[in-house]
Amino acid sequence: MLYINGEWKQAQSGKTVPVKNPATGEVIQHVAYGGELETRQAIASAKEAFDGWKGKTGKERGAFLERIAENMRRERDNIAEAVTREMGKPLAEATGEVQLAIEYVEWYAEEAKRVYGDVIPASHENKRLMVFREPVGVVAAITPWNFPVAMITRKLAPALAAGCSFVLKPALETPVSAVKVIECFHEAGLPRGVANLVIGPAQEIGAELTRNPDVRKITFTGSTEVGKKLIRQSADTVKKVSMELGGHAPFIVFADADLDEAVEGVMQTKFRNCGQTCISTNRIYVEDSVADDFGEKLARRVASLTIGDGMQEGTDVGPLINQSAVEKVQDHIEDAIQKKGKILCGGRPTTVEGLSGHFFEPTVIHNASDEMKIAREETFGPVAPIFTFHGIDDLAKKVNHPEYGLAAYFYTKNVDRAFQTVSKLEYGIIGVNDPRPVVVQAPFGGVKESGIGREGGTSGILEFLEEKFVSFRMT
Ligand code: ADP
């Protein structure tokens, strides 16, 4: 269903689209498939609702967010199941994602009360200078399938807290969980038109969202390619944009690191969500003296992972999202083998009995080199290539990516080396001996072509605010 002006609707054309389970190949459900017309209606209703929502106090908006959080806590398991069924991640991971999504709502429910302005010292004694922070206007949010719930609230909780109304377009792979989340928004009693949801063809909806002058902000998570397109399309109406785009995270292991802990770090940063996250490890750099030892330990651990349907207890790794994801992963592995990469475990698409999903063996490749595709292109799959380095100067030459700069991880016990490494890394998020750096209260975002702007924490709400400077002259 689409959600426009406080009502659940079918598309005017009556069209629907099937949603498939990537583990079983089954159609789970059909959802309404709207287009430009519904998008225009949604924008108009968000525009109509904007002034009223902006006019509420932060405390009032915070109270709505608290109710949304409460509804999501009640629906947590339902939403998590929908996530697993439509995009494949193991249920425990999906539940963790929904929990994180709720925490964004809880955090911004409080932050709504704390949108402060500034008083600036004047240059004349009869003047008083002030900065007010006001909501930017109607927000269009475009979200991906890999974190289909957390990406919604990470954008829309701060948007609502700031006083913005919105139109959400989720990925076509994962509309069911988006509908469930928006149901939680609806049941919180938000004023009509503050929240809107359109599901349909990405290009057509994206064209209207970017072209329409009533949309003042685009917030997007997805591929760098589509992000660039949205920036270009938004240029004509000079919209504010936030972009969370691709990544190519290095995972660095210094010789003094605890190798077992580092192996666990790779397990979490590489194989969670079957490697389909923008902060997934894409290159592992191990100091040469410990590289063989590390490779063996990692391969042993990776070979023990259970592949299967995320609804099945005991599944560690679910399917890839679709067949073209399988082909991309295969292409990266074949290219690595041709360029002298050595497969330590995995390496092939695989099947799980009774299921016709897109499964792939978790893979470790030793002897990775810069000429390989995997050294530069985002794999978005369960492949861990091991590169080696000799000392921090050698590492510094290799570790930064020419285009991407989202997340990086490194393991060492040496404090000096830790600070030196932080200063060499051109990435927006760094985990030092920490494979899980993402928390709601801290800024998430990348440098270079990994993005513009930050989500989470106090930075996240600023993305939805404009500064209004006022100079008072006393006569
Ligand atoms: P991924 O590779 O993760 O699927 P995409 O960038 O293709 O990343 O998709 C992320 C989101 O962007 C999804 O909601 C998708 O439907 C949407 N999208 C894809 N192409 C366009 C486009 N041309 N205009 C607007 N949204 C788009």
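Predicted model only: the values in this text are computed from it and were never measured. In listed order, ligands and their atoms are each counted from 1.
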Near [X], which atoms of ligand 1 are under 4.0 Å from a heavy atom of that residue?
X	value
Gly206	24 (N), 25 (C)
Ala171	13 (C), 14 (O)
Val226	6 (O), 7 (O), 18 (N), 19 (C), 20 (N), 21 (C), 22 (C), 27 (C)
Phe220	6 (O), 10 (C), 11 (C), 12 (O)
Gln203	23 (N)
Gly222	6 (O), 10 (C)
Thr143	11 (C), 13 (C), 14 (O)
Pro170	14 (O)

_Pair Leu65, Glu110 - check side-chain contact (heavy atoms from CB on, under 4.5 Å), show working._
CA-CA 9 Å; Leu65 284 163; Glu110 296 183 6; over 6 Å; no
Of Thr277, Thr221, Ile142, Thr224, the one whose closest heavy atom lies nearest atom 10 (C) of ligand 1 is Thr221
Is Trp145 in contact with ligand 1, taking contact as a heavy-atom separation below 4.0 Å?
yes
> Would you say Leu230 contacts ligand 1, with heavy atoms under 4.0 Å as the rule?
Replying inline: yes
Short side-chain to backbone donor-acceptor contact, [X] and [Y], under 3.5 Å:
X	Y	value
Ser234	Thr210	no
Lys217	Lys239	no
Arg454	Gly446	yes

With backbone taken as N, CA, C and O and side chain as the heavy atoms from C-beta onward, which portion of [X] lies under 4.0 Å from ligand 1: side chain, backbone, both, or neither?
X	value
Glu225	neither
Ile205	neither
Ala207	neither

Six-ring centre of [Y], [X] cation under 6.0 angstrom, axis tolerance 45°:
X	Y	result
Arg67	Phe64	yes
Arg154	Phe444	yes
Lys89	Phe147	yes

Ranked by distance from atom 18 (N) of ligand 1, the top protein heavy atom is Ala202 CB, 3.5 Å
**Report entry** Test side-chain contact (heavy atoms from CB on, under 4.5 Å) applied to Glu103 and Met72, step by step
**Finding:** CA-CA 10 Å; Glu103 285 171 26; Met72 288 183 73; over 6 Å; no
Quiz item: ligand 1 and Ser223, any nitrogen or oxygen pair closer than 3.5 angstrom?
Solution: yes
Would you check the N or O atoms of Lys169, main chain and side chain alike, for any that come under 3.5 Å of an N or O of ligand 1?
yes
Quick check, are the ring centers of Phe251 and Tyr411 under 6.0 angstrom apart?
yes
Nearest heavy-atom approach of Val317 to Leu305 is CG2-CD1, 3.9 Å
Q.
Within the protein, is there a heavy atom lying under 4.0 Å from atom 6 (O) of ligand 1?
A. yes
Derivation of the side-chain contact (heavy atoms from CB on, under 4.5 Å) call for Phe166 and Leu160: CA-CA 8 Å; Phe166 70 80; Leu160 288 181; 3.9 Å; yes
